[in-house]
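What follows is a single structure, written as structure tokens, with notes after it.
Both backbone and side-chain heavy atoms feed into the values below; hydrogens, waters and symmetry mates do not.
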Amino acid sequence: EANNGREPFFIYLVALSVSLLGRSALAIRLVAAILGILTVPATYWMVRQLLGRREALLAALVTASTFWHLNLSREGFRAVSLPLFTALWLGFLARALRRQRRYDWALAGIFLGLSVYTYLAARFAPLVLLVLVVYWLARRQPVSWRGLLILGLCACLVASPLLIYAARHLDTFLERSGQVSILNPDINHGDLAGTVLRQVLKTLGMFNWRGDFIPRHNLPYRPVFDLATGLLFLLGLALCLRRALRQQEYALLLIFLLVMLLPTVLAEGAPHFLRAVGVLPVLFVLPAIGGAAVWQAISSRSSRLAAALVLALLLGFSLFSTVNDYFARHVRSE
């Protein structure tokens with residue numbers, strides 16, 4: 001119950017690390033670094049299941065070279081554990097939708113259940129499935145109710161210790177949410193509609209315009225993407241919006257992003273890069289989609305070498321921007 005309640009997965013790993021390495025900053029940050037590193041191949045695997053090899057490779061590169069994920073992987077916040085489990089449960093869900101095998105549905109549920117132990121934003125994840133079902137029904141697309149039942153039962157079974165605790169200590173379980181919610185009159189000051197609008201605009205602006213101002217989470221006000229990946233992000237978003245009506249994989253990406261942005265929209269201080277961490281690593285798929293489109297356009301008109309050079313320049317600029325902003329500016333600042 002201390003510190004408004006904290007999900008235990010990261011704390012358990014830190015306890016193990018401290019027992020091996022002693023009480024040190026390294027013992028805490030090493031756990032975050034390992035989880036952040038594992039998120040890169042997990043992202044590759046997730047996108048490979050959803051879209052394909054080219055998009056998967058680009059998404060993994062963006063994940064590894066984006067400031068937000070780098071910073072998160074070098075500090076001792078429990079939020080870094082959520083993107084890893086997000087990639088795993090979405091990857092198994094994508095494979096289950098394609099192959100319709102029971103163990104894929106079960107594994108998707110297991111990792112979804114485990115994600116509840118990582119960070120508060122994971123509580124919104126079941127809403128992704130609910131909206132996805134509405135999408136299927138709206139398109140009159142067959143719904144694998146048996147698969148969803150297997151997924152739901154496995155998720156509830158794995159999450160049951162925390163769910164039982166929540167049922168018995170609901171006030172404690174919801175305490176932090178109530179403190180930061182914009183539904184709290186002390187935060188919205190009687191102007192809920194205006195507060196919601198401002199929160200939405202600030203959240204949408206965090207990708208290319210103005211990011212989190214808290215130095216622990218970000219180089220103050222740096223947007224998620226630099227100029228190069230920001231342009232690829234916008235292109236990928238446009239393509240995703242166009243393809244979502246025809247392909248459920250793209251619809252799943254958009255649904256996930258919209259739902260998992262709710263924790264920062266509905267809490268004070270948007271954009272907040274910890275509360276918004278639920279969108280990782282799915283967010284990094286959009287620049288990958290844009291990059292794959294650039295590759296296709298250039299290689300079809302010129303050559304694969306020219307396409308590779310253009311993408312290398314864009315991603316190289318992004319990497320340089322991240323390294324400079326993090327190592328030269330952020331970690332050396334007071």
Does a sphere of radius 6.0 Å around [atom1] in [X] hold more than 12 heavy atoms from other residues, nucleotides or ligands, not counting ones at 6.0 Å or beyond?
X      : atom1 : value
Arg99  : CZ    : yes
Phe213 : CZ    : no
Tyr103 : OH    : yes
Arg146 : CZ    : no
Arg98  : CZ    : yes
Arg6   : CZ    : yes

Check: [X] side chain, [Y] main-chain N or O, donor-acceptor pair, under 3.5 Å:
X      : Y      : value
Arg210 : Lys202 : no
Thr229 : Phe225 : no
Ser17  : Leu13  : no
Trp68  : Phe273 : yes

Could you state whether [X] and [Y] fall into the same hydrophobic cluster, counting links through intermediate Ile, Leu, Val, Met, Phe, Trp or Tyr residues with side-chain heavy atoms under 4.5 angstrom apart?
X      : Y      : answer
Leu258 : Leu266 : no
Leu254 : Leu137 : yes
Leu227 : Leu235 : no

For the residue pair [X] and [Y], establish whether any side-chain heavy-atom pair is separated by less than 4.5 Å.
X      : Y      : answer
Asn218 : Asn71  : no
Leu314 : Leu231 : no
Leu237 : Phe207 : no
Val277 : Val80  : no
His272 : Ile214 : yes
Ser115 : Leu82  : yes
Gln49  : Asp104 : no
Thr118 : Arg78  : no

Worksheet entry | Sequence neighbours excluded, every pair satisfying ring pair (Phe, Tyr, Trp, His ring centres under 6.0 Å) that has a member inside residues 115-151 |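 For residues 115-151: none.
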Worksheet item: How far apart are the closest heavy atoms of Ala251 and Ala244, and which atoms are they?
Response: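 Nearest heavy atoms, Ala251 then Ala244: CB-O, 3.7 Å.
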Fill in: Test side-chain hydrogen bond (donor to acceptor under 3.5 Å, both in side chains) applied to Asp226 and Ser318, Ser321, Ser65, the passing residue
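Single side-chain hydrogen bond (donor to acceptor under 3.5 Å, both in side chains) partner of Asp226 among Ser318, Ser321, Ser65: Ser318.
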Worksheet item: Does a donor on one side chain and an acceptor on the other come within less than 3.5 Å for Thr203 and Arg275?
Response: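 Judged by distance alone, the side chains do not pair up.
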Worksheet entry | Verdict with reasoning, His69 to Thr322, per side-chain contact (heavy atoms from CB on, under 4.5 Å) | CA-CA 10 Å; His69 186 66; Thr322 293; over 6 Å; no
Item to complete: Check step by step if side-chain contact (heavy atoms from CB on, under 4.5 Å) holds for Leu280 and Thr86.
Response: CA-CA 8 Å; Leu280 303 184; Thr86 293; over 6 Å; no
Item to complete: List, by chain and number, the other hydrophobic cluster members for Val323, where Ile, Leu, Val, Met, Phe, Trp and Tyr join if side-chain heavy atoms come within less than 4.5 Å, directly or indirectly.
Response: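 Phe67, Leu70, Leu219, Leu319, Tyr326, Phe327, Val331, listed by chain and number.
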Worksheet item: Trp45 and Phe92: aromatic ring centres closer than 6.0 Å?
Response: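 Between Phe92 and Trp45, which both carry aromatic rings, the centre distance is below 6.0 Å.
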Item to complete: Kindly compute the distance separating CD (Gln296) from CZ (Arg301), expressed to the nearest 0.5 Å.
Response: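 The CZ atom of Arg301 is 9.5 Å from CD of Gln296, to the nearest 0.5 Å.
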Discussion item. Return the OG1 to CG distance between Thr43 and Leu88, rounded to the nearest 0.5 Å.
Written reply: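 Thr43 OG1 to Leu88 CG: 9.0 Å, rounded to 0.5 Å.
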Worksheet entry | Trace of the side-chain contact (heavy atoms from CB on, under 4.5 Å) decision for Leu130 with Val259 | CA-CA 10 Å; Leu130 179 61; Val259 170; over 6 Å; no
Discussion item. For Phe77 and His217, take the angle between the two ring planes, folded into 0 to 90°, and tell me which bin it lands in: parallel under 30, tilted 30 to 60, perpendicular over 60.
Written reply: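 Rings of Phe77 and His217: perpendicular, as their planes differ by over 60°.
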Practice prompt. Check the pair Leu50 / Leu253 against side-chain contact (heavy atoms from CB on, under 4.5 Å), numbers first and verdict last.
Written response: CA-CA 9 Å; Leu50 278 167; Leu253 293 174; 3.9 Å; yes
